[in-house]
Amino acid sequence: MFKRITIKSMKQHECINLNEEINKIILESEIKEGFIIINNPHSTAGLYINSYMDPLTLEDITDTLKTLVPTRIDFHHQFDTPSDAAGHIKSVLVGNNETIIIHDSKLMLGRSQGLIFAEFDGPRSREIFVNIQGDK
Amino acid sequence: MKNKMALDQLLSLGDLFTNSFLEIDNRLRYLLDAKISVGIKRVIVIGDGDSYHAAVSSTSLFNKFTDIDYLALPAMKFLAYEHDYVKNYSPGQTLLVGVSASGGSKRVVQCLEKAKANMPWTITLALTGNVNSPVANAAALVFNCSIPSIASAPGIRSYVASMFGLSSIAFRISELHYINHMTKLNGIRKQISELGKSVDNLVNMSLKEVQNIKDFSSSGFIMTCGTGNNFGSALFFAAKFVEIGGILAVADDIEEWLHVGRFSYPIESPLFIIAPKSTSYSHAIELAIEAKKIGHPVYLITNVKDVKEKSINYTIQIPFDLDDSLFQLVSFIPSIALAINASDKLDRKMFQSDNEEISIGRNELNSRLKESM
């Protein structure tokens, strides 16, 4: 089963927890055992799994990514903006897709883990592709 | 049809939007990069004739989309009155844009050369359709705004190309200064490039609509009015009435006309007002009422639907849902249809090209002037 999730980021850098949305899709699919592939098709955003319990953890991750990849004016990629160029690199560092086990109709993540959509050049309208495979 | 060159250009405008805007915009992205753009705090645009009109027409774009100061000046005014008083910003904070479609405007060349010599802290950029021209050679950066050639005169397509170039500069500074996100600006860029079909429709509609307007060709004098960027369109309107129709036409600011222009004769001279739906519309209606009371036939060029004001003799609709800051890209179109129609009625050739004394050209005029001194 294929699904699209639409996201509207509101800031240049933003972390959005997708757990609730993904769990809803799993329930709709009626798949009990299997796996889910989540893909971010944007090259200036990322997808990762990490703790969302304390939102400041996500802020730390974002701050560190910003430190690692400052928005410079000497990027080779000049067609768009320096923020866009930096976003491409952050996206590569974080990655763009995740595969997660579904067990008993739920995402098999750690207690504090969230599937995080990371915006690196917002605000923008984004979408996430989801494919679920398994047994009902 | 004596003015086929003007008509051919008019009929090809849609294609220009479809095929040239994004190409010109893309050329700028590689020229005005982040390193150059990041420090810019002021843009001064200089030009003569249509190039100056394009600079004035682009005022609202820079005001609305960027965080920089914008100044549009006739080249001679910059040379004679402004150059010595331009405040000395830090290096790289002033962008001086010399606009010349042909690349041959002498005053623009002089402006760029003088700026390079006396204002070394300024970034000079030639916005031109000819990259191997004196204007291009006089600037540090050359923004190639060339378009497929149909006719070099009167400047209609080249006026649009200059406005495209200036729009692109405004959008580029806006996204590189993070005033607007590039996705929003890319949306506006796409909107402009997709205007082609609507522009074709407007051209055909304008050519038909001029038949509905009472013949004004014999009035001998025409006034055009607009405010802000629409003052640039009013200047261009007037220029085309002069060049194509051979009719004396003068552009004025709406408020200035209400203060001063209304005292002028002949009172039967037509008044063309350019006003989109928000910024200057109510002001334009005030002007229409006053002008009609005095005795002027009043024509309104607007994108307001169902204009009910009775003082207006005829409304030329621009059926576009465009932001006011972009209205200049299309609002000039009826002026060409009106000027062609007037010149046909008067059986005149554009630029008085059948008058030997007029058509001798500027160079010969200059040499005659030297001989007489």
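Just so it is clear, the structure is predicted and the values come from calculations on it, not from any experiment. Residue numbers begin at 1 in each chain, while the letters A, B, ... track the order of the sequences.
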What's the verdict on salt bridge (charged side-chain N to carboxylate O under 4.0 Å, His left out) for D104(A) and K106(A), showing C-alpha distance, side-chain angles and the deciding distance?
CA-CA 6 Å; D104(A) 203 14; K106(A) 279 184 188 154; 5.8 Å; no
The interface call for S125(A) against chain B, heavy-atom contacts under 4.5 Å, is neither
For Q191(B), the side chain to side chain donor-acceptor pair (under 3.5 Å) test, sequence neighbours excluded, returns none
Mark yes when over 12 heavy atoms from residues, nucleotides or ligands other than K8(A) sit less than 6.0 Å from its NZ; otherwise mark no. yes
Apply ring-ring contact (aromatic ring centres under 6.0 Å, His included) to the pair F17(B) and F164(B), showing each step before the final yes or no. CA-CA 9 Å; F17(B) 280 78; F164(B) 282 172; 5.1 Å; yes
If one checks every heavy atom of T44(A) against chain B at 4.5 Å, the contacting part turns out to be neither
Greatest number of non-hydrogen atom pairs under 4.5 angstrom with chain A, of K184(B), E175(B), H181(B), falls to H181(B)
